[in-house]
Amino acid sequence: MSSSINEIRNVAIIAHVDHGKTTLVDALLSQSGIFRDNEVVPTCVMDSNDLERERGITILSKNTAVTYKNTRINIIDTPGHADFGGEVERVLGMVDGCLLIVDANEGPMPQTRFVLKKALEKGLRPIVFVNKIDRPRVIPEIAIDKVLDLFLELGADDDQCDFPYLFGSGLSGFAKEEMESNSDNMMPLFESILRHVPPPSGRFEKASSITNYNFGLF
């Protein structure tokens with residue numbers, strides 16, 4: 001870790017199968033500048049377990065991290081099924097915010113419901129990322145309306161219902177706050193995380209050697 005890092009953000013990712021969590025994290029890693037120009041950038045970082053890669057699901061929570069503007073952003077995966085409730089509780093107790101990824105065509109799906117409910121109960125205010133907007137015949141604004149309906153159904157408070165949201169594509173590597181805007185990078189999502197996710201409470205001691213990129217478990 002660079003000695004210039006002076007902030008931390010801990011963010012959990014919530015996503016239904018095939019809504020683009022893996023490609024989004026890959027894009028954040030690729031654009032964060034942690035890889036050398038001649039270094040091969042791996043893919044499917046968050047699905048490092050063989051069974052997860054085969055089935056496209058998250059079973060074990062994993063952490064990876066990127067650095068943006070002297071801030072270390074710890075990105076923590078969450079299982080998407082109630083059968084792994086204990087793991088979900090553990091992860092959500094370690095973060096100060098969460099990123100909800102939804103497909104621009106499908107909106108929020110049942111697999112996100114359990115984890116999102118737990119996140120809202122813990123008082124987290126999600127950032128919503130409407131993914132895959134570069135596909136044909138999508139109406140991303142409808143996905144946002146569906147997310148708001150789900151928040152209300154799950155008992156979100158007024159602040160949580162006033163959630164920040166972005167549009168973009170993890171596969172194409174861009175994010176933007178307005179559909180009419182142009183973007184060719186993930187900087188708006190990085191900025192949203194820094195703006196809307198509070199730093200952890202307590203004292204932070206710089207470690208002498210912490211890798212910025214971690215495939216393993218906590």
Side-chain angles (χ1 to χ4, degrees), residues 1-15 20-36 39 41-42 44-48 58 60-80 86-101 115-116 118-129 131 157 159-160 162-166 168 170 173 175 177 185-218:
M1 181 192 296
S2 168
S3 59
S4 64
I5 291 178
N6 52 32
E7 290 280 358
I8 290 180
R9 298 293 189 275
N10 295 318
V11 185
I13 285 193
I14 302 172
K21 169 207 69 181
T22 298
T23 53
L24 181 64
V25 172
D26 288 349
L28 292 175
L29 285 168
S30 178
Q31 295 186 30
S32 67
I34 65 173
F35 297 103
R36 299 185 303 273
E39 187 173 359
V41 180
C44 300
V45 169
M46 298 303 268
D47 293 332
S48 57
T58 297
L60 301 172
S61 295
K62 292 166 289 294
N63 163 256
T64 190
V66 300
T67 300
Y68 178 76
K69 288 188 174 179
N70 297 332
T71 298
R72 178 185 174 93
I73 302 174
N74 291 309
I75 302 171
I76 307 171
D77 202 1
T78 60
E87 189 78 348
V88 170
E89 292 277 1
R90 182 173 76 94
V91 169
L92 294 179
M94 301 171 68
V95 300
D96 306 287
C98 58
L99 177 63
L100 173 64
I101 304 171
V115 184
L116 179 59
K118 292 295 183 181
L120 294 174
E121 289 174 352
K122 288 185 175 293
L124 300 179
R125 183 174 181 241
I127 298 169
V128 176
F129 185 81
N131 198 19
D157 61 30
D159 186 55
Q160 290 170 326
D162 187 25
F163 53 84
Y165 58 86
L166 300 95
E177 294 185 348
N185 59 63
M186 300 301 295
M187 189 177 295
L189 180 53
F190 282 123
E191 292 287 346
S192 185
I193 291 172
L194 265 57
R195 189 163 59 249
H196 296 293
V197 177
S201 58
R203 183 179 178 183
F204 169 55
E205 298 288 350
K206 288 188 177 69
S208 59
S209 62
I210 302 177
T211 56
N212 198 36
Y213 182 66
N214 178 17
F215 282 101
L217 302 177
F218 298 104

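We use all heavy atoms of the structure for the numbers below, so side chains are in, but hydrogens, waters and symmetry mates are not.
Considering all non-hydrogen atoms of both residues, P126 and F163 come closest at O-CB, 3.5 Å. The shortest non-hydrogen separation linking A12 to V95 is N-CG1, 3.8 Å. The shortest non-hydrogen separation linking L28 to V66 is O-CG1, 4.0 Å. In plain terms, the two heavy atoms of F129 and G170 that are nearest each other are CE2-N, 4.4 Å. Of all heavy-atom pairs spanning A27 and M186, the tightest one is CB-CG, 4.1 Å.
With a 4.5 Å cut-off on side-chain heavy atoms, K69 and F190 do not count as touching. Between V128 and L166 there is no side-chain heavy-atom pair separated by less than 4.5 Å. Side-chain atoms of I13 and I76, non-hydrogen and from C-beta on, never get closer than 4.5 Å to each other. With a 4.5 Å cut-off on side-chain heavy atoms, I8 and T71 do not count as touching. With a 4.5 Å cut-off on side-chain heavy atoms, D96 and V11 do not count as touching. Side-chain contact between M94 and N74: absent, with no pair of heavy atoms (C-beta onward) separated by less than 4.5 Å. Contact of the L99 side chain with the I14 side chain is not registered, since no non-hydrogen atoms from C-beta on lie closer than 4.5 Å.
Contact check on E7 versus R72 returns no salt bridge, with no Lys/Arg side-chain nitrogen under 4.0 Å from an Asp/Glu carboxylate oxygen. Ion pairing between K21 and D77 holds under the 4.0 Å rule for side-chain N and carboxylate O.
Looking only at distances, no side-chain donor or acceptor of E177 sits under 3.5 Å from a matching main-chain atom of Y165. In this structure, the side chain of R9 engages the main chain of V197 through a donor-acceptor pair within 3.5 Å.
A distance of 4.5 Å separates CD1 in I193 from CG in L189, rounded to the nearest 0.5 Å. Taking CG of L100 as the start and CG of N131 as the end, the distance is 11.0 Å to the nearest 0.5 Å.
In terms of the side-chain contact (heavy atoms from CB on, under 4.5 Å) criterion, residue partners of P164 (sequence neighbours excluded) are, by chain and number, R125, I127, S192, H196. N185 meets the side-chain contact (heavy atoms from CB on, under 4.5 Å) test with Q31, S183, M187, P188; sequence neighbours excluded.
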side-chain contact (heavy atoms from CB on, under 4.5 Å) evaluation trace for L124 with L120: CA-CA 5 Å; L124 300 179; L120 294 174; over 6 Å; no
Check against side-chain contact (heavy atoms from CB on, under 4.5 Å), N10 and I73: CA-CA 6 Å; N10 295 318; I73 302 174; over 6 Å; no
